[in-house]
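Since the model is a prediction, treat every value here as computed from it, not as a measurement.
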There are 2 protein chains.
Amino acid sequence: MQLPEAKQKFIETWGKLGSEWGINRTMAQVHALLLVTPDALTTEQVMEELSISRGNANMTLRDLIGWGLVEKQLRPGERKEYFYADKDIWNIARQVAKERRKRELEPVLKTLEELVQVKGDKNDPEFKTFHKSMTDINKMSKNADRMLDTMLQADESWFWGSIFKMFK
Amino acid sequence: MQLPEAKQKFIETWGKLGSEWGINRTMAQVHALLLVTPDALTTEQVMEELSISRGNANMTLRDLIGWGLVEKQLRPGERKEYFYADKDIWNIARQVAKERRKRELEPVLKTLEELVQVKGDKNDPEFKTFHKSMTDINKMSKNADRMLDTMLQADESWFWGSIFKMFK
DNA sequence: TTAAACTTTCAAAACTTTTTGAAAGTTTAT
DNA sequence: ATAAACTTTCAAAAAGTTTTGAAAGTTTAA
């Protein structure tokens, strides 16, 4: 397989993976493109490479910046904006985990907290089952959340830090 | 908040979370319904409770069985099929992780393996960036995969087993 | 100023996914 | 063998999501 074909395949694969995990396909594709490109690209170049419209390219690039995955670069004497993706995969994973936790997990944790509080008749099986499920899910989510938090700060924690070094 | 309202809220929340993470909303909702219901339900009851069509209920229930989250129960002397969800949240999480790894991560790992092999000119920055990204992503994915695998078998591993006990 | 070079917006169109419901299929009891 | 009770299928419709592109907005240089 030659480089251009390989790039295409990577963009396609990354896009598919993204969409299966709730990330807009185009966003994942633009990210993939920037990941395999040594230097920063302009909106125009992204449009060109992926055959997408200006509006789409613009919105997607802004989203990627919002996710902390891409940065805008300005070059002295040039008006165009250039976009560059961090290529450290560990940073990328961290960043995505962080954002999704904030955007999607946190609101759920808040709701669960409420639902655990719901009072009812302790002899009613309906209530018992509901309460147990809420308590269990809440407990596990909180633990997962704490664990994620610890992992995200792994560099600062000797304990997880040393465990993760095994995997880096 | 009263029980029926709380149930509704949980079903809604679970459904939303599912769809944000690439799981069909209805499937997550049916699962949520079964999670807060002490006993097994029939297709008819699921249709009724969630106001969905027979076809949809049937397909969704079969999908849930395919994910290993729900089991079909048959009662002696009855023709109807009853559906029951495992309520152990640790099992649920394990099961979902296992399935998604198999369905979505494995194919990506296979493609990455190919892409790492792609040969090219070592002085071409295009090639260098591509190759480095592929190698890094591949390495991390493999590690994540190994880690997941270890976690899924945590019960059988003294090392992770003892770490996870802290979180259970 | 002005106009050229860019970026952003958003309503409408295209596309994708999910849902419906009626018809076909299957199983069981008699 | 029949028919009632139940489950499955799938084409068409609805719902949801993403993309387009032209127009509006902004910034900069002269």
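Taking atom CG of residue A:L61 and atom C1' of nucleotide D:dT19, one finds them 15 Å apart after rounding to whole Å. As a whole-Å value, the separation of A:I23 CD1 from D:dT17 P is 16 Å. Going from atom CG of A:N24 over to atom C1' of C:dT16 covers 12 Å, rounded to whole Å. Distance, A:Q29 CD to D:dT19 C1': 12 Å, rounded to whole Å. Rounding to whole angstrom units, CD1 of residue B:I52 and P of D:dA13 are separated by 21 Å.
The local environment of CZ in B:R100 is crowded, with over 12 non-hydrogen atoms from other residues, nucleotides or ligands closer than 6.0 Å. Within 6.0 Å of atom NZ in B:K87, more than 12 heavy atoms from other residues, nucleotides or ligands are found, so the atom counts as buried in its surroundings. Within a 6.0 Å radius of CD in B:E78, other residues, nucleotides and ligands contribute more than 12 heavy atoms.
Pairing for D:dA23 is with C:dT8, a Watson-Crick or G-U wobble pair whose two hydrogen-bonding atom distances lie under 3.5 Å.
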For nucleotides 5-10 of chain D, tabulate all protein N/O to nucleotide N/O atom pairs closer than 3.5 Å, reporting atom names and distance.
from	atom 1	to	atom 2	distance (Å)
D:dA5	O4'	B:R79	NH1	3.2
D:dA5	N3	B:R79	NH1	3.4
D:dT7	OP1	B:E81	N	3.0
D:dT8	OP2	B:N58	OD1	2.3
D:dT9	OP2	B:R62	NH2	2.7

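Taking 4.0 Å as the cut-off between side-chain N and carboxylate O, A:E126 and B:K7 count as a salt-bridged pair. In summary, B:K16 and A:E104 do not engage in a salt bridge, as defined by a charged side-chain N under 4.0 Å from a carboxylate O.
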Verdict with supporting geometry, A:F10 and B:I137, side chain to side chain contact (heavy atoms under 4.5 Å, CB included): CA-CA 11 Å; A:F10 175 63; B:I137 295 176; 3.6 Å; yes

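Using a 4.0 Å heavy-atom criterion, one finds that A:T42 contacts no nucleic acid atom at all.
Comparing A:T26 and A:G77, the nucleotide of DNA chain D nearest to each residue sits closer to the 5' end for A:T26.
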